Structures are given as C-alpha cells and as structure tokens.
Amino acid sequence: MSEVMPDDTAAACAASIGREHCQSLLDALRRLRDGDGPGGSSMGEAVAWGRHLAQVLPAGGRLLAAGNGGSAAQAQHLTAELVGRYATDRRPFSAISLHAETSSVTAIGNDYGFDEVFARQVAAHGRPGDVLVLLSTSGRSDNLLGAATAGRAAGARVWAMTGPAPNPLAAQADRVLSVHADTPATVQEAHLVALHVVCEAFDAALAAATVNPYARAEAT
C-alpha cells in the first residue's frame, strides 16, 4: 500500500509543478511573440492569417479546419469564433470543423480508414481560394497529411499550425505557424493564444475595410 504524501509536501510539489508548467508556457509565448526560437514562428504570421481570412471569407470563401484530440478542440474553437463572434458583433462567416462532422468521420473511417477521415471531406467541400487550417502538435498525423494533399488538389490554401518545425505537415503547407515548446500541452496552449490573435487581426481588418473600402485589398 502506497504512503500518502504529507499535506505540506503535496502542496510544495503542486506549486513546483505549477511553476514549471507556467514557465514553460511563458517561454513558448515569448518565442512565439519574438520569433526567436528554433523551429518556431512569430505572432506576425498569426496576424497575416487573420488579415488574409478577412479577404477570403467576406468574398464567399470558406475556412475548413481539422485536428486530432486537443488540436481538434482548438480547430473547433477557431471555427466557432468565425461563425459566432470573437469580441464584437458582426456577420457570421463560413467555417467548418471537419472532425465535428461525426457521421462523416465515422462513415469514412469505417469504409476507407482513419487516415482518410479529413481528406475525403476536403475533397468534397474544398474550393479554389478556400483556406484549410490543420492543427497538430507533432506535425506527423497521417490523416492531416492526407488532408493537406487533398487541399492542394482542391485549390485551397493549406495552413499548418504545429509544434516545432521542420515537420512533415509544415513541409506540405503554404503557410506555417509553428510553436517551439517541449511538450504537446504547452504547444496547444500557445496555439490557443495564436488563434485568438488570428481572430483579433481578422476583426481589425474587417473594421478597417468598413471605414476604408480599399483596406481589404491592402490586407494581403
């Protein structure tokens, strides 16, 4: 029978774990902000994503997004912000999380295998000029690599949000936002911050286009 850790020891252990976790996240966010880590990108890339979406979505384009596990939740967070709203009220825009299409995912997985669950949906929904965002902490998920291939075939722009680059998914993408961190948990936490920056840049570009009709053409 294992011994129960004394309360003061347990509290000290919890505090140490918490400090280490927070420090890891702070280090990852600093590298993301400044773009000074190996295999990492800067927040400028997230801003560029938001500005580009502010051109594509109001013109009738669509955002498709996918991920596995925690990255699936992050992708769905992004699409919810676009279909709903991020900070202020605005019109809804077309954004679909492919992993949330449960009947399609299970049918495709059953008939064609799990590696095809996203690729087949991209082939069905993707159109030239659409944006496909794929999130992966490792950048090595076969179903996301297949989706990237299908996205390029459909004429969509393929964006990857990954852990440290280089990785196979980043190599297949048109644009990459990579986070340098030691653990998948920290990568996912930094991805959420980056996704919020995408949304802030998107809303700012829309607001600028409302004031200045030429701003959207300049937001490339």
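The structure presented is a predicted model; accordingly, all values stated were derived computationally and were not measured. Just so you know, residue 1 is the first one in the sequence shown, and it goes up from there.
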Asker: Do the side chains of Trp159 and Leu53 get nearer than 4.5 Å, heavy atoms only?
Answerer: yes
Asker: Drop me the distance from Leu32's CG to Leu25's CG, to the nearest 0.5 angstrom.
Answerer: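 So the CG of Leu32 and the CG of Leu25 are separated by 10.0 Å.
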Asker: Which heavy atom in Ser42 sits nearest to a heavy atom in Gly35, and how many Å separate them?
Answerer: CB-CA, 3.8 Å
Asker: Going by heavy atoms in the side chains, are Arg51 and Val47 under 4.5 Å from each other?
Answerer: yes
Asker: Between the main-chain N or O of Ser138 and the side-chain N or O of Arg140, is there a donor-acceptor pair closer than 3.5 Å?
Answerer: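 Checked: pair present.
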Asker: Heavy atoms, side chains only, cut-off 4.5 Å: are Leu206 and Pro58 in contact?
Answerer: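 They are in side-chain contact.
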Asker: Roughly how far, to the nearest 0.5 Å, is NE2 of His77 from OG of Ser97?
Answerer: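 If we round to the nearest 0.5 Å, Ser97:OG and His77:NE2 are 11.0 Å apart.
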Asker: Could you grab the distance from atom CZ of Phe93 to atom CG of Leu82, nearest 0.5 Å is fine?
Answerer: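 Interatomic distance, Phe93 CZ to Leu82 CG, rounded to 0.5 Å: 8.5 Å.
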Asker: What pair of heavy atoms forms the shortest contact from His21 to Ala185, and how long is it?
Answerer: CE1-CB, 4.4 Å
Asker: Are a donor atom and an acceptor atom from the side chains of Ser136 and Thr162 found within less than 3.5 Å of each other?
Answerer: no
Asker: Test of understanding: clusters of I, L, V, M, F, W, Y form through side-chain heavy atoms closer than 4.5 Å, transitively. Do Val56 and Val158 belong to the same one?
Answerer: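 Shared cluster, no.
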Asker: Checking Arg152 side chain against Gln172 main chain: does a donor-acceptor pair fall under 3.5 Å?
Answerer: yes
Asker: Within the structure provided, determine whether Val117 and Glu101 are in side-chain contact (heavy-atom separation under 4.5 Å).
Answerer: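 No; the side chains remain at least 4.5 Å from each other.
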Asker: Is a salt bridge present between Asp130 and Arg157, judged by a nitrogen-to-oxygen distance below 4.0 Å?
Answerer: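 Salt bridge absent between Asp130 and Arg157.
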Asker: To the nearest 0.5 Å, how far apart are CZ in Arg90 and CZ in Phe202?
Answerer: 5.0 Å
Asker: Kindly say whether Thr186 contributes a backbone atom to a donor-acceptor pair with the side chain of Thr183 at under 3.5 angstrom?
Answerer: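 Flag set: sc Thr183 to bb Thr186 pair under 3.5 Å.
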Asker: Closest heavy-atom contact between Ala46 and Ala194?
Answerer: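 It is CB-O, 3.7 Å.
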Asker: Sorted by first residue and then second, give each ring pair (Phe, Tyr, Trp, His ring centres under 6.0 Å) pair with at least one member in residues 98-124; sequence neighbours left out.
Answerer: none
Asker: If we only count heavy atoms from C-beta on, is the Leu26 to Arg30 side-chain gap below 4.5 Å?
Answerer: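 No - every pair of side-chain heavy atoms lies 4.5 Å or more apart.
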Asker: With heavy-atom distances below 4.5 Å as the criterion, would you say the side chains of Val179 and Pro164 are in contact?
Answerer: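 With C-beta onward as the side chain, the pair stays apart.
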Asker: Using 0.5 Å steps for rounding, measure from the CG atom of Leu134 to the CE atom of Met161.
Answerer: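 Leu134 atom CG to Met161 atom CE measures 11.0 Å (nearest 0.5 Å).
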Asker: Under 4.5 Å between any side-chain heavy atoms of Val193 and Met43, yes or no?
Answerer: yes
Asker: Name the atoms and distances for all side-chain donor-acceptor pairs under 3.5 Å in residues 61-74, with sequence neighbours left out.
Answerer:
from: Arg62; atom 1: NE; to: Ser94; atom 2: OG; distance (Å): 3.4
from: Arg62; atom 1: NH1; to: His125; atom 2: O; distance (Å): 3.1
from: Asn68; atom 1: OD1; to: Asn143; atom 2: ND2; distance (Å): 3.0
from: Asn68; atom 1: ND2; to: Asn143; atom 2: OD1; distance (Å): 3.0
from: Gln74; atom 1: NE2; to: Gln188; atom 2: O; distance (Å): 2.5

Asker: Looking at every non-hydrogen atom in both residues, tell me the closest pair between Gly50 and Ala201 and how far apart they are.
Answerer: CA-CB, 4.0 Å
Asker: Say whether, by atom type as modelled, one donor and one acceptor occur between the side chain of Ser24 and the main chain of Glu20 under 3.5 angstrom.
Answerer: no
Asker: When clusters are formed by joining ILVMFWY residues with side-chain heavy atoms under 4.5 Å apart, either directly or through shared neighbours, do Trp49 and Leu169 land in the same one?
Answerer: no
Asker: Any chance you could measure Gln76, atom CD, to Leu98, atom CG, to the nearest 0.5 Å?
Answerer: 10.5 Å
Asker: Transitively linked via ILVMFWY side-chain contacts under 4.5 Å: Leu135 with Leu145?
Answerer: no
Asker: Indicate whether any N or O donor in one side chain lies under 3.5 Å from an N or O acceptor in the other, for His196 and Glu200.
Answerer: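 No.
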Asker: Are Val131 and Val122 joined in one hydrophobic group, where the rule is that I, L, V, M, F, W and Y side chains link up if heavy atoms are under 4.5 Å apart?
Answerer: no
Asker: Is it true that Leu57 and Val197 fall in one hydrophobic cluster, defined by side-chain heavy atoms closer than 4.5 Å?
Answerer: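 Cluster IDs for Leu57 and Val197 match.
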